[in-house]
K.L.:
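This is the structure I have questions about; it appears just below.
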Amino acid sequence: MEKKMSEGEEKNLPFSLGLEDGNETEEQPRRFLRLPSGYILAYGGENGNVSCLQTSDPKNDKFVIVQRYEDAVRCIAVSEDEKRLAIGFDTGKTLIYCFDEFVQENQSQSEKTDIHPYVQSLEKVQNKEESPVDDFLSQDCITDDNDLDSFAGPDLGAPARDMLFIPQKDSATPSSKTYMLAIASEAGMFVMNVTTKDIMDKSDHLLEEESRQAHDFCGIRGFSAGTIEARSSKSSGSSNSTDEVVVLASLAMDGRLCLWDFTNKKLLQREDTICVPKKDYGEIHDADAYDRSCRPIAFSANTHDGKKKELIISTPGKLIPCTRILNLTTEDSELKLSNGFKTKDPEMGHIQPVISMIYCSENMLVTSGRDGCVLVWHRCHFNAVTAKESSTSSVDDNPDIVWDVVEKFKSESPVTNLIVQQYQNTGKVSLFCACANGNLQIFDITEQFQISKSVGRKMNPTNKKLPEIEKNDETNQNDNEKFSESTITPHSSESSSKATKILKKGRFSADSDEDDEIDVPLKKSKNVHFLEEAEENNDENPDDVDPEAATSSISRRPEESDHSSDEEDADSFVDHKFDMAKQARLIDITTPQPAFSPSSTPLDLERRFLCWNHIGSVTLLQGDNNRNVVDINFADSASRRPISFTDNINFITGSVGECGGIFASDTKEDDDDLDEDIDGLEDFNMSERTKQAVIRDRKKRAKASQNLKPTGSSIFFYRFFTSNLVNRKNKDWHLVLPDGERVLGTACGDGWAAVVTR
Amino acid sequence: MDGLLLSLGEYVHLFHYGFFIHHMSPHESYQLSLHSFDNTVLFSSRKFLRTFSPGGNQNQIIWLKGEPVTMVGRGGFLAVFYHESSPLVNKTQQLGYTLWDMADLRVVSRGSVSCLSRGSSLSWVGFSNDLSLMVMDSDGMLSMLFTTGQDNGDGNYIWEWTPVLDTIGLRKSSDDSHWPVTVHNGKLVCIPLKGGKSYPDANRRPVTTMLGLRMPFAKSVVSKK
C-alpha cells in the first residue's frame, strides 16, 4: 500500500516546462499550444523560450527548448494547416512564420510525416540517440541553422495577449486560402489578413473600432472562436435555411465578454455585466500571472442531426465557470444566450477564482483555480428519473442537468493553462497542467474521461444514433482542436506509443512496477462503453463484447466489470452521481489542520490538560453526570493557592491569563436519542412504546421552555481575585453564543479575554 | 426583568445577576436555516474573534481572515492563527497570523506563518516572558517573530520569523519529543516525552525541563591549531 502511494505521489511530481534557464520560479502565465500535427508547445515566462514535448525518445522525455527569442513570448497561434504560425511578444511585436512547403500527414498520404519546421530542433535530440551525452540534463536543443521563413507582423504598441487564426471553411482551395489572424493586446484587438507580408500591409484592421466601442477602450485578455449554424439572412422566408458562421468571443481586461459574428463582421452580444470580477491591470502595471491567464473558451456542441447549433462559451474568474450557450438557429429570436452552469452542490467549486478551463468533451470540464486545485467536472442529471425525458433537450436547458466535481487534484503552484493528451493506442488520457512557477504537472484522468463518455452515451436519445453521434463527437473534437486547446487531439499511433513510454519511464516513475499500474487503466479503458475500445475488443475477443452493451445504460456496468477485471471494484463504475469515486479520491487531498489549544492534551482523556502556560496548568477531570472538575495550579505556587471548581457544561477548551481563566463548551446539539432518559421510567412497568411517548412529551415540553435559548458554545470566565475592586459575588460570568457558533480557541491576558469561533 | 439592558450592534444582552443571557436576533435565525442543511452538524459560517473585558462586557467582534487554528495571549497581546489557504501538496499548512495589542485592539503585525518546515503543521504557539511570539512546528523547530526595525513604507515595521531552536537535535532517540509549555528567559520550558508519546499524562504532574534557545548557525570550518 505504501509502495502504491509513493508511486502515485511520484506520478504527480512536477517537472519543468523548460521555459526557465535558471532556477527562477517567478510566477508567469505559462501556456500550451497543440499543433495540429500533435506536438505540444509550451511558452510563457521572461526568457523568450518556446519548448516542445519531446516524444520520440523515451530516454529524453521532457519539454525541450525548440525556439529562443529575445523578447518574452506571450502568445502563439497556428493555422489549421500549420502553414502559418504567429507569435506575439511582451514588447508588442509580432512575428509570422510561413511554412508553405509543409504538408500535413493526412494530405501527404505517406507513412512517415515530416517534422514540423518550427519544432525541427527536436530532430537534433532524436539524432543524438546514439550518443546520449548529457542531453538528458539539458533542455536546450536549439540548432544554429534556424532559418525559417518569417516576416514581422503588426506592431501592437502594447504587450500581446492572445492570437487566434480564424477558422476557415473547408471548401477553400489552397490557392484561395487566406489566413485571418485575430490579435489581442493590452491596447485592444483587431483581425487582419496575414497570408503574406504584402497582403498584411494592405489589410484592414477588422473589428478594431467596433471592439473599442464595445469594450470601452479596454485591452483584451484573450479570444476563443467556434463555428455555429445560424439562420440564413438571405432566405428569411425559409426557416430551415442555415449558414455556418464563425463566432469570436473576446474577453476584455475589465472582465466583459463580447461575442462577434466574424463572418458578417458584426457584434452579436455585449454582456451587460462583468463576468470576471477581478480586473486585469495588464502586464505593464504588474498584474499577476493569474489575471493574465484568464481567457474564454469555446466548445461547439453538436446536436443529434450533426449540425453545430450550439456553442458553449465559458469564462473563468469566479469560483465556478461562467458558461453561456449560444444558439443562432432559433426562430423566435436571432440570438439565444442562456447561462448553463449549475452545480450539484451550491458550495461546490473552487475556494478561489478559476484561472483556466478546458472542455474534454461535452460532458467533462476541467478547471484550475488560484487555490491550486484542479477540478474535474462531469455533467450529469440531478434526478436520474428525468434523465431519459431530458435527453432530447438542449445542452443545458434542462434544470436537472447539473455539473458535479468528480475529481480534485492539487498542484504545487496554481495552474495557468491546461491541455489534455489522449494516447490512442492505450486509451490513457493525461491532463497536462502548466503551473505558474514554470513546472509541469500531469494527472491521469483516464477514468473520468471514460465515465464522461458513458454519461454522454446515456444521454443520447436512441441507440441507433450512437455510431453517428460518436462520429459527430470526433468531428466536434477535430473542429475544436482547430480553434482552441480545449479538446483532445488523438495522436498518431507512433507518437502515442512513444508518449506512453514517457509516462512510464520518465520522471514519473523509473521502476517497472509503474507498468503494472498503467496496465490497469488500459484494461479498464477497453470497456464496452467506450466505443472505440469496444470495437477493438470486438476484434480481439468477440465473446466479451455485446453490441447492445455499448449502448446500454451505465447501470449495467457492475456486471460487465465482473467480466473485465477482478482488480476493479464494481463501485468504481458508479452511476452518474459518482459519489463513491469522489469520496475515495478526495482522501488523498491534504486537509487543513484542525484547530487546537496550545499545550493541551486530547479531548477523549479522562483527565486532560486544558492549558499549561506561564500562569499555570489547568486540568479537567471528567466526572459522572456532566460534573467535571477543573483544577488550576499556578506556576507561582508559593504565592497563589490552587483553584478548583465544578464544570457542569462540559468545557472542551480553556486558557488562563493574568486576570482569569476563560473556558468554553461545545455547541448544544439537539439530542434525538430517546433512549437517553429512559432510566427513570423503568419502575413504572410501561411498554416500550409508552416510554417513548412519555420521553417525547418530556422533551417537547423541555424544548418549549428553552425555545429562546441559543445553542452555541457556552463561555465561562473565572475571574481571579486580583484586587479589592473585584466584586467577589459577581466576579465570574457566563454567556451562550448564537446558534451554531462554536468556540475553537480561547485566550486571556491582562485586562482582556477573547475567543475565536466558527 | 430587573436587569440592565445593553445593546451592542444587533446583539441584545440582558445583564442579570452577573450573567449574560444571549438572545438570538432574527438575522441569526435566518443564518441558522441556511447553514443547517446537512441536518447533522450545525455549523455557523462565522469565523469571529470575540473580545471581552474581565467583567464580562463584550467588546469588539472581528471577522478573521480564515478558519481559526489556534490563539494565544499574554499581557496585552493576543495572537490568532488561521488558515490562509489550502495546504500544499507536500502537506505544508498555509497559515497566517495576526498579532493585536489588546489595549486598543491595534494590529501590531499580520502576515504568513512562513516558519513551518516543509510538510509540517503548527503544533504550539506561545509568548515568551518578554512578549515575543513563539511558534513550534510539528518538526520540532521553534521560531520567533521579530521586527527588523525597518519601515515598510506605510508606517509599519517589517516582521519576520527566525528559527531559535531546533529540538530535533536535542532528542536522544527518534521516539523522543518535547512538549512545549512556555518560553522564559531565553529558555524553552517543556516536558520531555519518551517512548513515542505525544503528550504528557495529566494524572501525574510531569517534570519540566528547560532548553536554551540556540539559533541554527552553521559551524565554522576554521579550526584552531
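Within every chain, numbering begins at 1; the chains are lettered A, B, ... in the order of the sequence lines, protein sequences first and strands thereafter. Hydrogens, waters and symmetry mates play no part in the numbers below; they use all other heavy atoms, side chains included.
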K.L.:
Report which part of T70(B) has an atom under 4.5 Å of a heavy atom belonging to chain A: side chain, backbone, both, or neither.
P.N.:
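It is both, since atoms from each part get that close.
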
K.L.:
Using non-hydrogen atoms and a 4.5 Å limit, figure out which bit of C659(A) sits close to chain B: side chain, backbone, both or neither.
P.N.:
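Looking at C659(A), just its side chain touches chain B.
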
K.L.:
With only heavy atoms counted, which part of S123(B) is less than 4.5 Å from chain A, the side chain, the backbone, both or neither?
P.N.:
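Backbone only.
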
K.L.:
For chain A, which of S85(B), C190(B), S121(B) has the most heavy-atom pairs under 4.5 Å?
P.N.:
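Heavy-atom pairs under 4.5 Å are most numerous for S121(B).
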
K.L.:
Is the charged tip of K410(A) near the ring of F443(A): under 6.0 Å from the six-membered ring centre and within 45° of its axis?
P.N.:
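The answer is no; the distance or angle limit is not met.
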
K.L.:
Does any part of the side chain of L188(B), heavy atoms only, come nearer than 4.5 Å to the side chain of L142(B), both counted from C-beta?
P.N.:
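Counting from C-beta outward, L142(B) and L188(B) do come under 4.5 Å.
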
K.L.:
Take F596(A) and F81(B) through the test ring pair (Phe, Tyr, Trp, His ring centres under 6.0 Å) and record every step on the way to the result.
P.N.:
CA-CA 10 Å; F596(A) 69 94; F81(B) 295 78; 8.5 Å; no

K.L.:
Do you know which of T92(B), L88(B), L78(B), V125(B) has the most heavy-atom pairs with chain A at a distance under 4.5 angstrom?
P.N.:
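Option with the greatest count: L78(B).
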
K.L.:
Taking atom types as modelled and ignoring hydrogens, do the side chains of S117(B) and D137(B) form a donor-acceptor contact shorter than 3.5 angstrom?
P.N.:
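There is such a pair (donor and acceptor under 3.5 Å, judged by atom type) between the side chains of S117(B) and D137(B).
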
K.L.:
Considering only heavy atoms, which portion of N129(B) lies under 4.5 Å from any heavy atom of chain A: side chain, backbone, both, or neither?
P.N.:
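Contact with chain A is absent: no heavy atom of N129(B) under 4.5 Å.
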
K.L.:
Under 4.5 Å from any heavy atom of chain B, what part of T653(A) do you find: side chain, backbone, both or neither?
P.N.:
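Neither part, no heavy atoms under 4.5 Å.
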
K.L.:
Side chain from CB out, backbone as N, CA, C, O: work out which of these in P87(B) comes under 4.5 Å of a heavy atom of chain A, or both, or neither.
P.N.:
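Both backbone and side chain.
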
K.L.:
Do E741(A) and S713(A) pair up side chain to side chain, a donor and an acceptor below 3.5 Å, judged on atom types alone?
P.N.:
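No, no side-chain donor-acceptor contact under 3.5 Å.
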
K.L.:
Tell me, side chain or backbone of L64(B) under 4.5 Å from chain A's heavy atoms, or both, or neither?
P.N.:
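Interface part for L64(B): side chain.
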
K.L.:
Which bit of V80(B) is near chain A, if near means a heavy-atom gap under 4.5 Å: side chain, backbone, both or neither?
P.N.:
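Only the side chain of V80(B) comes within 4.5 Å of chain A.
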
K.L.:
Run the ring-centre check on F717(A) versus F52(B) and record whether the distance is less than 6.0 Å.
P.N.:
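No, the ring centres sit 6.0 Å or more apart.
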
K.L.:
Would you call the rings of F127(B) and F77(B) parallel, tilted or perpendicular if under 30° counts as parallel and over 60° as perpendicular?
P.N.:
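If you compare the ring of F127(B) with that of F77(B), the planes turn out tilted.
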
K.L.:
Is chain B contacted by the side chain of L605(A), its backbone, both, or neither, given a heavy-atom distance below 4.5 Å?
P.N.:
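Side chain only.
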
K.L.:
Checking side-chain contact (heavy atoms from CB on, under 4.5 Å) for the pair F651(A)/N628(A): CA distance, chi angles, key distance, verdict?
P.N.:
CA-CA 9 Å; F651(A) 297 146; N628(A) 307 324; over 6 Å; no

K.L.:
Using heavy-atom distances under 4.5 Å, tell me whether H83(B) contacts chain A through its side chain, its backbone, both, or neither.
P.N.:
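Contact with chain A: side chain only.
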
K.L.:
Under a 3.5 Å threshold, yes or no: a donor from one side chain and an acceptor from the other, between Y290(A) and Q352(A)?
P.N.:
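Distance-only check fails for Y290(A) and Q352(A).
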
K.L.:
Which residue out of S198(B), S53(B), G75(B), P200(B) racks up the most heavy-atom pairs below 4.5 Å with chain A?
P.N.:
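Of the options given, most contacts go to G75(B).
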
K.L.:
Determine, using ring centers only, whether W161(B) and Y97(B) are less than 6.0 Å apart.
P.N.:
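Centroid distance Y97(B)-W161(B): below 6.0 Å, so yes.
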
K.L.:
Exactly one of I662(A), I715(A), V756(A) should register a side chain to side chain contact (heavy atoms under 4.5 Å, CB included) with V743(A). Which one does?
P.N.:
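Result for side chain to side chain contact (heavy atoms under 4.5 Å, CB included) with V743(A): I715(A).
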
K.L.:
Could you go through residues 608-617 of chain A and list every donor-acceptor pair under 3.5 Å that involves a side-chain atom there, pairing it with any protein atom two or more places apart or in another chain?
P.N.:
{"from": "R608(A)", "atom 1": "NE", "to": "T601(A)", "atom 2": "O", "distance (Å)": "3.1"}
{"from": "R608(A)", "atom 1": "NE", "to": "P602(A)", "atom 2": "O", "distance (Å)": "3.1"}
{"from": "R608(A)", "atom 1": "NH1", "to": "I652(A)", "atom 2": "O", "distance (Å)": "3.2"}
{"from": "R608(A)", "atom 1": "NH2", "to": "T601(A)", "atom 2": "O", "distance (Å)": "3.1"}
{"from": "N613(A)", "atom 1": "OD1", "to": "I615(A)", "atom 2": "N", "distance (Å)": "2.9"}
{"from": "N613(A)", "atom 1": "OD1", "to": "G616(A)", "atom 2": "N", "distance (Å)": "3.4"}
{"from": "N613(A)", "atom 1": "ND2", "to": "V656(A)", "atom 2": "O", "distance (Å)": "2.9"}
{"from": "H614(A)", "atom 1": "NE2", "to": "E658(A)", "atom 2": "OE2", "distance (Å)": "3.3"}
{"from": "H614(A)", "atom 1": "NE2", "to": "R74(B)", "atom 2": "NE", "distance (Å)": "3.3"}
{"from": "S617(A)", "atom 1": "OG", "to": "R205(B)", "atom 2": "NH1", "distance (Å)": "3.3"}

K.L.:
With chain B as the partner, which of G372(A), G751(A), P594(A) has the greatest number of non-hydrogen pairs under 4.5 Å?
P.N.:
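If we count pairs closer than 4.5 Å to chain B, G751(A) comes out on top.
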
K.L.:
Report which part of W179(B) has an atom under 4.5 Å of a heavy atom belonging to chain A: side chain, backbone, both, or neither.
P.N.:
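Only the side chain of W179(B) comes within 4.5 Å of chain A.
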
K.L.:
Quick check on S120(B) against chain A: is it the side chain, the backbone, both or neither that has a heavy atom closer than 4.5 Å?
P.N.:
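Answer is neither: S120(B) stays 4.5 Å or more from chain A.
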
K.L.:
Measure distances from T757(A) to the heavy atoms of chain B and classify the residue's part below 4.5 Å as side chain, backbone, both or neither.
P.N.:
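Its backbone and side chain both get close to chain B.
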
K.L.:
Name the option with the most non-hydrogen atom pairs under 4.5 Å to chain B; the candidates are A747(A), S599(A), G749(A), A754(A).
P.N.:
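With the most close heavy-atom pairs to chain B, the winner is S599(A).
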
K.L.:
For L122(B), is it the side chain, the backbone, both, or neither that has a heavy atom closer than 4.5 Å to a heavy atom of chain A?
P.N.:
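Contact with chain A involves both backbone and side-chain atoms of L122(B).
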
